[in-house]
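Here the structure is a predicted model, which is why all the values come from computation and not from measurement. Scope of the values below: all heavy atoms of this structure, side chains included, with no hydrogens, waters or symmetry mates. Both counts, for ligands and for their atoms, begin at 1 and track the order of listing.
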Amino acid sequence: MIDFYALTSPNVQKIFLMLEECGLKYNLKPVDVWAGQQYSPEFLKINPLAKVPAIVDHDGPAGKPYTVIESGAILIYLAEKTGKFIPHDPVKRYDTIQWLMVQMANVGPMFGQLVHFSKFAPQPQEYGHSRYRTQVLKLYDLYEQRLKTNPYVAGSDYTIADIAVWPWLRNHALLGVDLGKFPTVAKYIETIGAREAAKKVLAILPTIKSSRDNATDDNKDKFFSRGKYAMA
Ligand SMILES: N[C@@H](CCC(=O)N[C@@H](CS)C(=O)NCC(=O)O)C(=O)O
């Protein structure tokens, strides 16, 4: 059994999708990061970085419990555990890992910053908004070009590189991205969204309680490391 520490953000959705795709059993352990629960001493023992997702696999390597943090590492761990969604062929395998890293190193941080500067920054942030919007649009274009010649991000197979990027690409409305300009990405979002596992994830997400919409100012400051929590 796997303990899955989660809320509802795109990085968490990747792990929901992977667990559902692999048919793995899991105990959902909600961590309301908008109420500061990521800083509880119990959770910090699991992830000293104070972020979800994290998993504890009670049947880890050598049959012992094993903790994994960072969504990209969790996807690789679960793919290797099950032998699913990571090809054995070396070229396809490294194509998958490369495209997983493109998501982790670029899509997550840039999309996340655009959401921050458009929805959460305290006043209009023209420079931050323009910079991150440009980065996000460049990334949508990267996937548009890539998917014109490949059905899936890493090539011919549906892999953890797709499981990693789908939750972010489907966030186009929140990001203010006009999907009409990226028709191949639009079709790809729809194709993955039609998978049984994805439909299950979309049904689970609204059932998870989060205080995101009524977080206190203090919890927001703590979450964003600002105000009295700023260190510089
Ligand atoms: N690179 C990490 C990012 C995880 C992440 O940013 N999680 C957010 C989800 S909203 C979080 O837990 N934030 C709480 C905090 O920063 O205090 C991953 O891919 O797993």
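- Residue contact annotation: Ala50 has a non-hydrogen atom under 4.0 Å from ligand 1.
- Atoms of ligand 1 found under 4.0 Å from any heavy atom of Met104, numbered from 1 in the order shown, are 19 (O).
- Heavy atoms from both the backbone and the side chain of Val52 come within less than 4.0 Å of ligand 1.
- Counting heavy atoms closer than 4.0 Å to ligand 1, residue Ser9 contributes side-chain atoms (C-beta onward) but none from N, CA, C or O.
- Under the salt bridge (charged side-chain N to carboxylate O under 4.0 Å, His left out) criterion, no residue pair touches residues 101-113, with sequence neighbours excluded.
- At a 4.0 Å heavy-atom cut-off, ligand 1 touches Tyr39 through the side chain alone.
- Within 6.0 Å of NZ on Lys81 lie more than 12 heavy atoms contributed by other residues, nucleotides or ligands.
- Of the heavy atoms in Gln38, only side-chain atoms (C-beta onward) come closer than 4.0 Å to ligand 1.
- Between the side chains of Lys138 and Gln135, no donor N or O sits under 3.5 Å from an acceptor N or O.
- Of all heavy-atom pairs spanning Tyr140 and Leu175, the tightest one is OH-CD1, 3.8 Å.
- Judged by the shortest distance from any of its heavy atoms, Lys222 lies outside the 4.0 Å radius around the atoms of ligand 1.
- A donor atom on one side chain and an acceptor atom on the other are not found under 3.5 Å apart for Tyr188 and Glu144.
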